[in-house]
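Letters A, B, ... are given to chains in the order of the sequence lines, protein chains preceding strands, and every chain is numbered from 1.
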Amino acid sequence: MDATLVMAEAQEGTVPLAEATLKTLAVARKIGAGPLDIAWTGTSLDPLLGQARTLAGIRRHLVFDDPRLTHPTADVMAALVGDLVRDYSHVLMPGTSFGRDVLPRLAGRVGAPAVSDVLEVLDPRRFKRGLYAGNVHAVVRVPDGVPVLLTVRLASWRPVTAEKEAQPAGIEKREVPADLPTEARFVGLERDASARPDLQSARRVVSGGRSFGSRENFALLEGLADRLNAAIGASRAAVDAGYAPNDLQVGQTGKIIAPELYMAFGISGAIQHLTGIRDAGTIVAVNKDPEAPIFKVADFGLVGDLFEVIPALLAELERQGIAR
Amino acid sequence: MAPMKILVAAKRVVDYSVRVRLTPDRTGIASDGVKMSVNPFDEIALEEALRIRERGEATQVVVATVGPPEAESQIRSLLAMGADRGIHVETGRETAPLEVAHVLFRLVQEIGPGLVILGKQAIDDDCGQTGPMLAALWDRPQATYVSKLTLSEGRVQAVREVDHGLETVELVLPAVITTDLRLNTPRFIKMPDIMKARQKPLEKRPFDGFGLDLPRLTVEAYLPPPEREAGLRLESVAELVTRLHDRGVL
Ligand SMILES: Cc1cc2nc3c(=O)[nH]c(=O)nc-3n(C[C@H](O)[C@H](O)[C@H](O)COP(=O)(O)OP(=O)(O)OC[C@H]3O[C@@H](n4cnc5c(N)ncnc54)[C@H](O)[C@@H]3O)c2cc1C
Ligand SMILES: Nc1ncnc2c1ncn2[C@@H]1O[C@H](COP(=O)(O)O)[C@@H](O)[C@H]1O
């Protein structure tokens with residue numbers, strides 16, 4: 001019997017629901033394999049469940065609420081849901097650092113292959129995904145006889161919206177075993193304290209590369225980001241040089257994003273970077289080298305020095321009265 | 001502490017600088033004359049293992065690859081970088097992460113390493129699965145996307161690059177680590193070391209000898225991704241703002 005389990009992004013009782021989870025639900029609906037359950041793990045989940053109850057088309061909410069699950073490690077997650085996943089033909093997780101850490105561990109435990117970063121669903125067992133930094137797409141088929149275990153490439157999907165359902169799904173509190181694995185211990189999380197929109201869900205992103213030359217110069221992007229209510233992104237070279245924190249890296253090994261507007265300042269456009277912005281709505285490139293590869297994918301290109309263009313841009317936004 | 005061994009897993013992949021193309025009949029990737037290299041994350045894995053050994057915290061670094069006969073060239077370069085010995089599990093076909101994880105698990109059982117270090121992903125299949133799968137089979141803790149490692153008294157502290165910043169976890173050894181780009185910068189190989197590496201032990205084993213029969217994904221088609229077209233070159237910032245405004249993105 002088909003049944004689908006979505007494992008939600010681990011939560012600390014935050015509302016609204018994580019966009020990553022809502023996008024994973026969109027994929028589950030597209031697959032349409034049997035009744036759909038969601039597993040929530042975290043602590044103080046009640047406010048969140050209040051929200052979750054308004055999601056349509058869910059059979060059950062399985063709730064693992066325990067202070068030890070505030071920052072669950074992959075071994076704990078696998079121990080927690082390892083037996084549960086055997087009841088499902090499909091198990092989905094978001095392609096976040098959490099989902100990518102946990103899902104393959106579950107697959108190893110279950111003895112099934114996993115499909116990473118699904119960008120399209122063709123049927124309940126056939127999916128499209130990217131290879132070689134997205135330069136090739138492949139249609140892969142999960143063989144019969146094993147569950148379908150996958151992570152979702154978030155930039156390819158739109159979140160489902162909460163709709164009031166006549167009969168909200170049941171909430172089932174699940175027992176959290178007393179003897180969870182203890183050999184991996186969460187020590188701490190150093191968070192970027194910025195109040196800017198989140199890079200992965202922002203509608204606009206302004207991004208900078210190595211060419212800024214220093215952390216102080218990189219801060220030039222902040223004025224523009226504030227003006228446009230944009231998130232800040234960075235090339236790997238800019239992160240390596242210490243101009244921006246690691247969680248702002250865009251690309252094959254950073255974040256894959258799909259904002260409505262992506263503005264790249266002084267970024268050459270290496271394939272590894274372009275992988276991260278393929279699905280952006282409009283790409284703007286500002287680079288002083290007219291041959292820079294970024295221009296090949298840019299909707300609007302401006303050859304120029306970023307140290308002149310950024311101030312000019314701010315002045316022009318002011319002049320035309322465009323803000324936020 | 002007992003003398004610790006480290007196992008490093010490394011894959012032969014198309015070099016990161018190559019712009020990969022499909023064969024004209026679209027049955028696979030055009031590979032003729034294409035430059036092949038060690039997966040960049042795996043060089044970082046080996047570099048970290050070597051540094052741990054050089055600090056006296058490990059005694060032996062073993063590097064293992066599953067791949068075609070030609071992968072000997074990559075494993076030799078890893079020996080030249082400083083690995084003590086190599087294991088080359090030979091196969092003529094593409095292997096999947098679950099298969100590689102099973103092979104590595106067998107090697108783990110033979111070698112008894114305190115740490116296994118892999119790359120966070122292979123830049124050809126971009127799966128990012130092998131490390132966590134191995135950790136599951138072995139039933140040991142894992143830390144993925146690691147950008148800093150510190151060993152002390154049977155434990156390892158790892159800083160992980162996660163979506164919302166940097167997470168620190170502590171694992172009891174033995175454990176599985178996967179590397180992120182900022183963990184270290186791999187050393188260059190010196191000419192004399194290439195010569196010396198020819199003398200280092202390199203064991204060959206047939207993949208078929210592992211007797212694995214695991215479920216695998218099948219690839220039904222390879223497709224080119226939708227291309228983005230180059231758009232307009234603009235002359236001024238004013239024009240840019242106007243265009244973006246007209247498009248409704250500003
Ligand atoms: C395995 C692997 C994974 C990788 N993953 C990623 C990834 O996820 N994301 C990523 O970004 N990279 C990644 N890279 C690195 C990638 O290959 C490039 O090296 C990197 O993207 C280059 O960054 P950059 O464009 O900032 O720097 P550069 O390539 O040095 O380009 C700087 C650009 O700035 C321009 N410029 C200089 N001064 C000015 C000025 N004053 N005004 C305007 N323009 C100026 C130059 O013309 C040039 O085009 C990866 C590499 C490897 C090997
Ligand atoms: N064929 C292979 N031989 C040796 N190591 C491999 C192989 N495939 C994957 N690995 C290891 O697993 C990591 C992740 O690969 P993947 O799960 O394919 O993205 C790589 O960085 C390697 O360390």
Considering only heavy atoms, which portion of [X] lies under 4.5 Å from any heavy atom of chain B: side chain, backbone, both, or neither?
X: A:A298; result: backbone
X: A:V76; result: neither
X: A:D198; result: side chain
X: A:V146; result: side chain
X: A:I283; result: both
X: A:E308; result: neither
X: A:P245; result: neither
X: A:R126; result: side chain

Next on the checklist: As a quick check of understanding, evaluate side-chain contact (heavy atoms from CB on, under 4.5 Å) for A:N135 and B:R21, giving each step before the final call.
Outcome noted: CA-CA 8 Å; A:N135 283 303; B:R21 294 187 194 288; over 6 Å; no
Should we say atom [atom1] of [X] is surrounded by more than 12 heavy atoms from elsewhere, each under 6.0 Å from it?
X: A:E190; atom1: CD; result: no
X: B:D246; atom1: CG; result: yes
X: B:E70; atom1: CD; result: yes
X: B:R216; atom1: CZ; result: yes

Heavy-atom side-chain proximity of [X] to [Y] below 4.5 angstrom:
X: B:V241; Y: A:L313; answer: yes
X: B:L240; Y: A:M263; answer: yes
X: B:R233; Y: A:P290; answer: yes
X: A:V140; Y: B:T218; answer: no
X: B:V20; Y: A:V136; answer: yes

[X] versus [Y], closest heavy-atom pair with distance:
X: A:A107; Y: B:M133; value: CB-CE, 3.8 Å
X: A:A138; Y: B:Y222; value: CB-CD2, 4.3 Å
X: A:A112; Y: B:P215; value: CA-CG, 4.4 Å
X: A:L302; Y: B:L234; value: CD1-O, 3.3 Å
X: A:N246; Y: B:V162; value: ND2-O, 4.1 Å
X: A:H137; Y: B:P226; value: CE1-CD, 3.8 Å

Donor-acceptor under 3.5 Å ([X] side chain, [Y] main chain):
X: A:R129; Y: B:D125; result: yes
X: A:E183; Y: B:E170; result: no
X: A:R278; Y: B:P225; result: no
X: A:K255; Y: B:D163; result: yes
X: A:R191; Y: B:H164; result: no
X: B:Q142; Y: A:D101; result: yes
X: B:K120; Y: A:T253; result: yes

Pick one of side chain, backbone, both or neither for [X], based on which atoms fall under 4.5 Å of a heavy atom in chain A.
X: B:A101; result: neither
X: B:S236; result: backbone
X: B:V18; result: backbone
X: B:Y16; result: both
X: B:A96; result: neither

Checklist entry - Quick one: CD on A:Q252 to CG on B:D126, what's the gap to the nearest 0.5 Å? => result 4.5 Å
Checklist entry - How far does OG1 of B:T168 sit from CZ of A:F186, to the nearest 0.5 angstrom? => result 8.0 Å
Checklist entry - Do A:Y132 and B:I123 pass the side-chain contact (heavy atoms from CB on, under 4.5 Å) test, and can you show the C-alpha distance, the side-chain angles, and the key distance before you say yes or no? => result CA-CA 6 Å; A:Y132 298 92; B:I123 61 164; over 6 Å; no
Which of the residues [options] is involved in the greatest number of heavy-atom pairs with chain A at under 4.5 angstrom?
options: B:E227, B:E239, B:R160; value: B:R160
options: B:V159, B:V249, B:L98, B:L166; value: B:L166
options: B:E167, B:R243, B:Q121, B:E220; value: B:E220
options: B:L244, B:L217, B:V13, B:L171; value: B:L217
options: B:L22, B:D139, B:I29; value: B:I29
options: B:R182, B:H245, B:H102, B:E235; value: B:R182

Checklist entry - Got a salt bridge between B:R228 and A:D299, using NZ or NE/NH1/NH2 to carboxylate O under 4.0 Å? => result yes
Checklist entry - Going through the checks in order, is the side-chain contact (heavy atoms from CB on, under 4.5 Å) test met by A:L228 and B:L250? => result CA-CA 8 Å; A:L228 297 177; B:L250 276 189; 3.4 Å; yes
Next on the checklist: Run the side-chain contact (heavy atoms from CB on, under 4.5 Å) test on A:R100 and B:T144 for me, step by step, so that the C-alpha distance in whole Å, both residues' side-chain angles and the decisive distance to 0.1 Å come before the verdict.
Outcome noted: CA-CA 9 Å; A:R100 292 170 188 218; B:T144 47; over 6 Å; no
Item to check | Modelled atom types, side-chain donor and acceptor of B:R247 and A:T282, under 3.5 Å | outcome: yes
Checklist entry - Is it true that the side chains of B:Q129 and A:S116 contain a donor and an acceptor less than 3.5 Å apart? => result yes
